[in-house]
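In the text below, chain A, chain B and the rest are named by the order of the sequence lines, each starting its count at 1. These figures come from a predicted structure and were not determined experimentally.
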Amino acid sequence: MNKTHATVDKRQFSYEPLGASRSMWMNGLIRQILSHVVVKPLNYIYLVSENWIETESYALFRYHLLLTGNSMRNNSIIYLSVVGLLLFLSADVVGFQVQQSPRNANYTINVILDADRKQLIGSERISWRNISTVSTSELHFHLYWNAFMSNSTSLARENGGMLPGNPEMEEDFGFTEITKLSILNGPEITSSIQFISPDDGNIQDRTVCKVMLPGQVAPGETIELELEFRAKIPRVLLRAGYAREFVFAAQWFPKIGVFESGSWNCHQYHLNSEFYADYGVYNVNITVPNDYIVGATGELINKVRNPNTTTFTYFQEDVHDFAWVADTQFIEFTGTFEHDSLSNVHLTLLIQPDHEAQAERHLNAAKAALKYYGEWYGEYPYSTLTIVDAPYDADAANGMEYPTLITAGTSWIAPAKYLQPESVIVHEFGHQYWYGLVGNNEFEEPWLDEGITSYVQAKILKEHFGSNVRLFKVGGVPFYGETFYVIDDIPLIAYWGVIQVDSRLRRLRNYLNLPNADPIRSSSWEVLNSLSYSNAAYNKPALMLGTLENLIGEEMMRTVLMTYLQNWKFDHPSSSDFIDNFNQVTGENWNWFFDQVLSGTGVIDYTVSEIENRKITSEDDQTGGNFDIDAVDQGIFETIASSVVLRRLGDVILPVEVKVVFEDGEVLNEIWDGRDRWMIYSFSRTAGIEYVEVDPEHKILLDVNYTNNSLKSDSSSAGAVRWTNKILFWMQSLLHIFSYFI
Amino acid sequence: MRIKTSLISGIFSVFRIKRLIFFMWSVNLIFGLIITLPVFTVLNASLAPGSAGDSMLQGFDYQWFVQFSSGSAESLYFVPVLIAIVGLVYMVLQTFFAGGVISALDNESKTISMSFFFEQCSAYFGRFMLLWIIALLSSVAIYFICTLFFSFVVDEFIRNASTERSAILLSYMKYSIYFALFAAMHLAVDYAKIKILIGRSRTVFADFISSIGFVASNIWSAASLFLAVTFIGIGIWAVYLLSESGVNPNSPILIGVVFIVQQLYMVTRLWLRLLFYSTEYHFFAFSLSKATPAFENE
């Protein structure tokens, strides 16, 4: 682990600083030359030597190569053959990369941070290719920060008429304004910008706008736009924003929606919703005051220091978003993920000074996540990963994911056993796969990224870190244990002690608070409330996938997700695609399961409601003398007619295992298909039933009440007495404390 | 010197009234049971029939807790209300007992009978209740004034703290101020009770005010004595934690052992509460005999 203050990789660049208009003009000229003389003949396969990597020309070269790539598909096969042969011959010597995503939404952005006024001044060039089969004459854009314009936006309304964090002052609010929009080498179309509210018709919401084009963009055709924008950075209210000098620029630039199936999928920014975008190449120049330390999506390919400002250039291919962060307080640590069979990844950690002692924990968590994801599902395809620790008063920016950049979250006092920040890092890194590589629509089906990520997060935490330990805080001070009654952050009744917990149980705890309000397959803004969103997107899917793993086996489940990743990376799959993949890999039709659990709101609850043991003497025996021979030999002419009543209290029908333990120690395992509301099993043996349990191995993680899954013929109060004794002591102590108030 | 003498005398005095400690312990236990027994019925209904009871006997089964707290939480809706009602009655009863306890300390030569104890309880109950109400209203007023002050000053500092560490430390400072004010109020009320009883006074409000003056003029000695007894309490707590942490009560015998240890600890805590009264009584009496300026003027 290397620690530096305000440093970057010590790469040397051999060209002029960016920012001056002359340089920009030169850049444009270089691009034109590269595009026509070098790039086009090579199409979208490129070949570079190690020496080229360190130059901006190389970045521009790669960028232009990729921008124009797909429109060049009709180029000569001869060219491809020749280049292919060259690549084949030279691959071992110089290495090469191929285009992995459609790259139909590409951005070159220049942005300047006005730190005093908390503003971004930017210019953007978008190259968008219509990859659908339908022409379009309009473009739709996200202007996410307009959600923070007022308390009348859809996001604020969904939060009860007030933006999260209750902003009061003008500097707390934020917005994005497109000041100029034109088609490259064409007319200005700023006046055609029109705000729309496709989800809820709220005219106060300006998070989506559409632009009418003078003509059509046919399938396969590319349009290039230039725009200028100004953005007021909001205080960190939700995900993005500023807090003192800290700036987290996420969802910060005018961003084109997704054109699919003949219409634009460009939803408003809702309280619970996240994002959806097409893949592309990002080349971003970020200019900040000199005392700022910057981190961003992609590789830092250039850094130029001017008298008062510094310009950082970042470049990344095959991603669908770009975020950056800047702060004067960051301490930077770097590290490298190394693995026998996986590529190295350069890690950058930007951490707050208070948390410096936890730097290694952050990096180790990231390495663990890279290892398990790489081994289980497939290699992380990018060369960098940046982990950001937002300051304590910008906590709403923590726990977020953007391509190759994640925000973590920890506290000054962070006991190692509590696995914070480890837990959040493993989770957010997981989104590099389930959101980053597999680009499902987070607005419409958030479970596909949040649910799968939560499921894998629990697996990695258990595999690498062991059990989590419960913790609660009193005035910011952490204590091991669990609270029962809390008033004003003070636990009135609490269990003070170490409780080892499988992190899946945290999901279960949240799920049980509201298990049946919305199906998993819900749009993020069409749910009852935030708790229901959390259950539909995170908790229930994680438990569902855990249940499926228990039913089909860990290896099979791993194969399911690996195949899902490989089949759908750099694409936009839906729940149906996930189910199809699941059925295909397992070789069985699981639609009956997904119909109930994914699309329905029913709960799973099986119970053993009754056990009966009745002695039958030889006189009233109706079994035809089906006695135990040994018992007969011993003169015991008695059998026991036993029965057990099982009931399905929930609506979800699922086959369950039933374990019956007899008083003589014999164990009988049955499978109940669960189709009926109840089932009676009857036995006639020399020993009665001692104990019955449904789902004895706790495979069904979604069962809303495990406590009623078992029943003993003789109940025992010992467990209740033990804890009542504890509660009695708590109550005596509480009363005694009251006596100090007289 | 006053502190040491008060502490030693206080300890001896408390041992002299040990019968009262066991009486107060039995009251504490009965009130604890009043709250706990209904909880037991709910717990037993959940744990006794199935395997959850076995796992909870072995240790804390978080899975059971998760499901119990969501599924059976409604069955426990009465607990906070029950705690509030029983707690209020308990506090009134403790106010009632205070007269008897301090009278017992004030009659060192006398053998304390229960009838004498209850006579004294009755004699001072009205005045101590009035004192309690005055103290309660004063505490509420102080709390709101402090909160208002904190919201303008300390909370503003916390909001503008450049680091998480300074924000947390400022929070601690805020809580420490609350705690110090509560402790000062507690001391003033205790000394007011002692003053009322020693002086057979009926001017409750005036005694409360003069006790604040007494605490203020003897702040270091009074606080040191208070802290000395507090440290004894922390020591007892540490011993209890050590003895309790080594036992996993997963059998009826061990549950019984833990119950005894817990009750012994409760007895020592009640002893400690009386030790506060006792040391304060001796300190006050000692100060009175020396005729400190604060009381010469009265």
Side-chain angles (χ1 to χ4, degrees), chain A residues 244 329 352-355 391-393 411-413 470 475-477 482 484-485 492-493 495 497 499-502 505 508-509 512-513 608 691 693 698 704-712 715-725 727-729 731-736 738-742, chain B residues 28-29 31-33 35-36 39-40 43-44 46-57 60 62-71 79-80 83 86-87 90-91 94-95 98 128 132 159 162-165 167-168 171-172 175 186 189 249-252 255 258-259 262 266 269-270 273:
Chain A
R244 277 191 294 270
Q329 299 293 314
Q352 296 298 317
D354 277 348
H355 306 152
Y392 80 99
D393 51 353
S411 304
W412 176 42
I413 308 170
R470 295 297 301 160
V477 184
E482 183 61 75
F484 293 79
Y485 289 109
L492 192 61
I493 306 175
Y495 173 70
I499 306 170
Q500 304 274 355
V501 174
D502 180 335
L505 285 178
L508 182 63
R509 187 175 189 183
L512 292 178
N513 287 328
V608 185
Y691 164 72
E693 185 166 12
H698 290 192
V704 294
N705 190 352
Y706 275 125
T707 309
N708 67 7
N709 276 28
S710 60
L711 190 65
K712 293 188 287 189
S715 61
S716 163
S717 295
V721 169
R722 172 182 173 160
W723 291 96
T724 303
N725 184 34
I727 292 166
L728 171 66
F729 177 64
M731 290 302 114
Q732 285 180 268
S733 300
L734 195 66
L735 290 170
H736 181 67
F738 286 166
S739 74
Y740 281 89
F741 287 88
I742 58 131
Chain B
N28 176 272
L29 181 63
F31 274 70
L33 285 169
I35 303 173
T36 312
V39 177
F40 170 74
L43 277 184
N44 198 44
S46 173
L47 290 173
S51 60
D54 298 335
S55 58
M56 282 296 282
L57 180 62
F60 190 78
Y62 192 72
Q63 185 160 7
W64 169 82
F65 168 74
V66 163
Q67 302 212 336
F68 176 79
S69 57
S70 69
V79 172
I83 290 173
V86 174
Y90 187 78
M91 285 164 84
Q94 294 298 312
T95 308
F128 284 3
W132 182 39
R159 264 193 292 277
S162 58
T163 65
E164 183 191 3
R165 181 166 28 195
I168 289 178
S171 297
Y172 289 169
Y175 291 127
H186 172 80
V189 172
N250 54 8
S251 69
I255 292 170
V258 166
F259 174 77
Q262 285 174 353
M266 282 314 303
R269 285 173 71 174
L270 288 158
R273 179 68 185 103

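- If you measure heavy-atom distances from Phe259(B) to chain A, the contacts under 4.5 Å come from both the backbone and the side chain.
- Closest approach of Ser739(A) and Tyr90(B) over heavy atoms only: CB-CE2, 4.2 Å.
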Criterion side chain to side chain contact (heavy atoms under 4.5 Å, CB included) on Tyr392(A) and Arg165(B), from CA distance to verdict
CA-CA 9 Å; Tyr392(A) 80 99; Arg165(B) 181 166 28 195; over 6 Å; no
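- Residue Phe128(B): no heavy atom, backbone or side chain, is found under 4.5 Å from chain A.
- For the pair Trp723(A) (side chain) and Leu43(B) (backbone), a donor-acceptor distance under 3.5 Å is absent.
- Per-residue heavy-atom pair counts under 4.5 Å with chain A were compared for Asn250(B), Val86(B), Thr36(B), and the maximum is reached by Thr36(B).
- The two residues Val189(B) and Ile742(A) make their nearest non-hydrogen contact at CG1-O, 3.9 Å.
- Considering every non-hydrogen atom in both Gly32(B) and Leu735(A), the closest pair reads N-CD1, 3.7 Å.
- Side-chain contact between Gln67(B) and Leu512(A) is present, with heavy atoms from C-beta onward closer than 4.5 Å.
- Side-chain atoms of His736(A) never come within 3.5 Å of backbone atoms of Asn28(B) as a donor-acceptor pair (strictly under, hydrogens ignored).
- Contact annotation for Val501(A): only side-chain heavy atoms (C-beta onward) come within less than 4.5 Å of a heavy atom of chain B.
- Pro252(B) does not touch chain A: none of its heavy atoms, backbone or side chain, sits under 4.5 Å away.
- In this structure, Trp132(B) contributes its side chain and Phe741(A) its backbone to a donor-acceptor pair below 3.5 Å.
- If you tally non-hydrogen atom pairs under 4.5 Å between each of Glu164(B), His186(B), Met56(B) and chain A, the highest count goes to Glu164(B).
- Taking all atoms of both residues into account, the shortest heavy-atom contact from Asn44(B) to Ala720(A) is OD1-CB, 3.5 Å.
- Closest non-hydrogen pair, Arg722(A) versus Pro249(B), comes out as CD-O, 3.3 Å.
- For Ile499(A), the part sitting under 4.5 Å from any heavy atom of chain B is the side chain, from C-beta outward, and nothing else.
- Counting heavy-atom pairs under 4.5 Å between each of Val608(A), Val704(A), Ile727(A), Thr724(A) and chain B puts Thr724(A) at the top.
- No part of Gln329(A) comes within reach of chain B, as not one of its non-hydrogen atoms sits under 4.5 angstrom from that chain.
- Ser717(A) OG to Leu47(B) CG: the interatomic distance, rounded to the nearest 0.5 Å, is 9.0 Å.
- By number of non-hydrogen pairs under 4.5 angstrom with chain A, the leading residue of Leu270(B), Thr163(B), Asp54(B) is Thr163(B).
- Looking at Ile35(B), the atoms closer than 4.5 Å to chain A (heavy atoms on both sides) all sit in the side chain, from C-beta outward.
- Residues Gly50(B) and Ser710(A) approach most closely at CA-OG, 3.4 Å, considering heavy atoms.
- Your options are Trp64(B), Tyr62(B), Phe65(B), and the one with the most heavy-atom pairs under 4.5 Å with chain A is Tyr62(B).
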Where do Arg509(A) and Ser70(B) land on the side chain to side chain contact (heavy atoms under 4.5 Å, CB included) test, with the steps shown first?
CA-CA 8 Å; Arg509(A) 187 175 189 183; Ser70(B) 69; over 6 Å; no
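- You'll find the side chain of Val39(B) stays beyond 4.5 Å of the side chain of Leu728(A), heavy atoms only.
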Go through Gln63(B) and His698(A) one step at a time and tell me if the side chain to side chain contact (heavy atoms under 4.5 Å, CB included) criterion holds.
CA-CA 11 Å; Gln63(B) 185 160 7; His698(A) 290 192; 3.5 Å; yes
Tell me, with the steps shown, if Met731(A) and Phe31(B) meet side chain to side chain contact (heavy atoms under 4.5 Å, CB included).
CA-CA 8 Å; Met731(A) 290 302 114; Phe31(B) 274 70; over 6 Å; no
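- Only the side chain of Glu693(A) comes within contact range of chain B, with at least one heavy atom under 4.5 Å from a heavy atom of that chain.
- Residue Gln732(A) holds its CD atom at 9.0 Å from CZ of Arg269(B), rounded to the nearest 0.5 Å.
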